Amino acid sequence: MKLLEQLATRVLIGDGAMGTLLYEQGVDQCFEEVNITDPEKIVNAHRKYVEAGADVVQTNTYAANQLKLEKYGLNKQVQTINQTAVNLARQAAKKSAFVVGTVGGIRRFQLEEWSLREIEVAFSEQMNELLYEGVDGLLLETFYDLEEAKMATSLARKLTNLPIIVNLSIGEVGVMNGGIAVSNAFDQLIAVGANVVGLNCRTGPFHMLRSFETMPLPKEAFLSAYPNASLPDYRDGRVFYQSNADYFQAMGEQFIKQGVRLLGGCCGTTPEHIEAFAKVKSVTKPVTSKTVRPLVAVREAIHIPRKQTPLPEIVKERKSVIVELDPPKKLNTKRFMEGAKALKEAGVDAVTMADNSLASPRVDNLALGAMVKEQLGVRPLVHVTCRDRNLIGLQSHLMGLNALGIDDVLAITGDPTKIGDFPGATSVYDVSSFQLISFIKQLNEGISFSGKELGQKANFSIGAALNPNVRHLDKAVKRMEKKVESGADYFMTQPIYSVEQIEALADETKHVKEPIYIGIMPLTGTRNAEFLHNEVPGIKLTDDIRAAMVACGEDRDASTAEGIKIAKSLIDTALTYFNGIYLITPFLRYEMTVELTQYIEAQKFIMQGR
């Protein structure tokens, strides 16, 4: 009988983990490469699962696509690795078990790493190799992103009439990333060709079972479940899972009662876990009906209105000035607070604080933001980088900002750690600035990064960075447009030192509705000018400006006056085309940006009188 015919009448047992099994055996290389470097090890693993009672064996090809294999220099061996994997599984399965070709999801939270089209090309190559070698079906597993899962399912259905099993991965009970109900996601996958739909990875049996309790039995497909052995533990640099085969036997019965017809294991599971599931299969009959426990209704998220007008609305209506005041590198915050107070008195709309600029540790901008807000009544605008925090830290940080009523943020990638004080530190970069913008927008809907309902909507106005100091300005504008699509509300540019560049930017962005704050940073001397021009990414000075600073020599007062003069000239042009000016204070010399703020205020009256 064929795979689907058997599922129609009985429960089938899938195999367990391959990667963690190899890991426990000391394999420290690309797991898919082991197909060709130590094939007997793979055959033995398959054979143990078959002996434990597995009816369905999956090939060791989870990441055997050109995109994932490129990391190991193996992207030219897609054909060899996939075809060998099928043959090794066949050797172990013989006629005792079905062999399905495994294709692992690629997208996690780093959606920008590869485009959906690039992923489709990679999947197509891998699926064709698996199908050519004669698998009994395809198993598409560990898909976090529904769009990618639907694409892969549609592609697989175009390539074959064989059974297609699709397993999603979720972090919240019954809900995918973005708040999509899993039952709804299953319906969409079935509509594009899936024969079996289910869940794998991320959670152990307990939480995965709770998700199945919320799902009705699909009318045109079967359900599958491949839970992890447990939540992982981390000791001495290695990941461990509980050895709990008896528990799996008890939970296996519950899975079958919830309508699961294909029952296997994911991370941390071993032949002992699969043997436990196989014991259950022999005494528990598949069900044809069940009682569905309703997914807890998502309450309408509370929305508490902002007390202040959002910056994007201000700058659309009138000229607006925001000033960056770098958090200090030392513990004394006295001069920083003096600067923030002086800037408020000068009339700025917000004081913006970088997030460890140039990858050097500074006093936390969340703390300083709270201080200037509470002690001085200053509106803080804090930068949030992707560099220093993983997804957990980013969401926690943003939730903290929301709790403090700090609603204005700038989402940026962040300078790599190798340029800062600790070049050996890790750059996290779980997400790009595009995803960070999108996730912050999601918080504004009352939904966490993982799709969990938060009970309240955040009020963030989301700024994004724009670098116009590039050779091809049109490409920078396209990135800008992409950030708008992600949810950016306004933009702040890198410092500009060219009137022509400001005029060109105005022309290139005239179709963009989101407001732009033009970055202006006064120079403090010729060495400062040369450093910015030659060493800081994204900043270029004109020859005339560099020459003017050279002419000041080492005279501090003359250099300051010339730096302010240059900045005022750039401000005059910027105010002609843009409402927003973003002043960057050099070296906490806030007297310079206070003077420039006062100059802008005077210019506003002059322009209004024209």
Side-chain angles (χ1 to χ4, degrees), residues 3 7 12-22 31-32 45-46 49 54-65 67-68 81-82 85-86 89 97-108 119-120 122-123 126-127 130-131 135-157 159-160 162-171 176-177 182 185-186 188-190 192-205 208 211-212 221-229 255 260-269 273-274 277:
L3 177 58
L7 285 174
L12 296 183
I13 302 301
D15 56 4
M18 177 63 77
T20 53
L21 196 67
L22 295 174
F31 296 137
E32 291 74 20
H46 287 316
Y49 281 124
D55 303 302
V56 179
V57 174
Q58 56 180 304
T59 57
N60 181 37
T61 53
Y62 173 80
N65 61 75
L67 299 179
K68 288 294 187 73
I81 290 174
N82 280 278
V86 177
F98 296 103
V99 173
V100 292
T102 297
V103 177
I106 293 178
R107 279 184 165 185
R108 298 289 177 104
I119 295 172
E120 183 176 17
F123 280 168
Q126 183 184 8
M127 289 178 187
L130 293 168
L131 293 167
V135 292
D136 298 310
L138 292 175
L139 171 61
L140 316 181
E141 68 170 8
T142 323
F143 281 83
Y144 295 80
D145 179 66
L146 181 57
E147 183 183 23
E148 183 193 27
K150 288 168 62 178
M151 177 275 290
T153 305
S154 297
L155 172 64
R157 182 49 69 216
L159 296 177
T160 183
L162 292 173
I164 299 173
I165 305 162
V166 187
N167 285 335
L168 302 174
S169 291
I170 61 174
M176 288 195 72
N177 293 338
V182 173
F186 283 175
Q188 294 185 52
L189 292 170
I190 294 167
V192 294
N195 303 109
V196 182
V197 289
L199 302 174
N200 82 297
C201 208
R202 287 197 74 178
T203 61
M208 189 172 287
S211 291
F212 278 103
F222 304 105
L223 293 176
S224 63
Y226 282 68
N228 286 350
F255 276 115
V260 171
R261 292 290 179 95
L262 176 58
L263 185 58
C266 201
C267 298
T269 56
H273 293 92
I274 300 310
F277 276 165

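All heavy atoms count here, side chains included; hydrogens, waters and symmetry mates do not. Keep in mind it's a predicted model, so treat the numbers as computed, not measured.
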Indicate yes or no for a side-chain donor-acceptor contact from [X] to the backbone of [Y] under 3.5 Å, with no hydrogens or angles considered.
X: Q58; Y: L138; result: no
X: N167; Y: V197; result: no
X: D55; Y: I13; result: yes
X: Y144; Y: G105; result: no

**Request:** List the steps, then state whether side chain to side chain contact (heavy atoms under 4.5 Å, CB included) holds for M151 with F143.
**Result:** CA-CA 11 Å; M151 177 275 290; F143 281 83; over 6 Å; no
**Prompt:** What's the verdict on side chain to side chain contact (heavy atoms under 4.5 Å, CB included) for N195 and L3, showing C-alpha distance, side-chain angles and the deciding distance?
**Reply:** CA-CA 10 Å; N195 303 109; L3 177 58; over 6 Å; no
**Prompt:** Is there a side chain to side chain contact (heavy atoms under 4.5 Å, CB included) between S169 and N200 once you walk through the steps?
**Reply:** CA-CA 6 Å; S169 291; N200 82 297; 3.5 Å; yes
Distance, nearest 0.5 Å, that separates [atom1] of [X] from [atom2] of [Y]:
X: N65; Y: I106; atom1: CG; atom2: CD1; value: 4.0 Å
X: I170; Y: S211; atom1: CD1; atom2: OG; value: 3.5 Å
X: C267; Y: M18; atom1: SG; atom2: CE; value: 13.0 Å

**Item:** R107 with E147: basic N within carboxylate O range, under 4.0 Å
**Value:** yes
**Item:** Closest non-hydrogen atom pair, L146 against A185
**Value:** CD1-CB, 3.8 Å
**Request:** Evaluate the side-chain proximity of Y62 to T142: yes if any heavy-atom separation is below 4.5 Å, no if none is.
**Result:** yes
**Request:** Please tell me if the side chains of L223 and R261 come closer than 4.5 Å, counting only heavy atoms from C-beta onward.
**Result:** no
**Message:** Once you measure the plane-to-plane angle for F277 and F255, does it fall in the parallel (<30°), tilted (30-60°) or perpendicular (>60°) bin?
**Reply:** perpendicular
**Item:** side-chain hydrogen bond (donor to acceptor under 3.5 Å, both in side chains) between E32 and N60, intermediate numbers included
**Value:** CA-CA 6 Å; E32 291 74 20; N60 181 37; 5.7 Å; no
**Asked** side chain to side chain contact (heavy atoms under 4.5 Å, CB included) between L262 and L12: does it pass, once the steps are laid out?
**Response** CA-CA 5 Å; L262 176 58; L12 296 183; 4.1 Å; yes
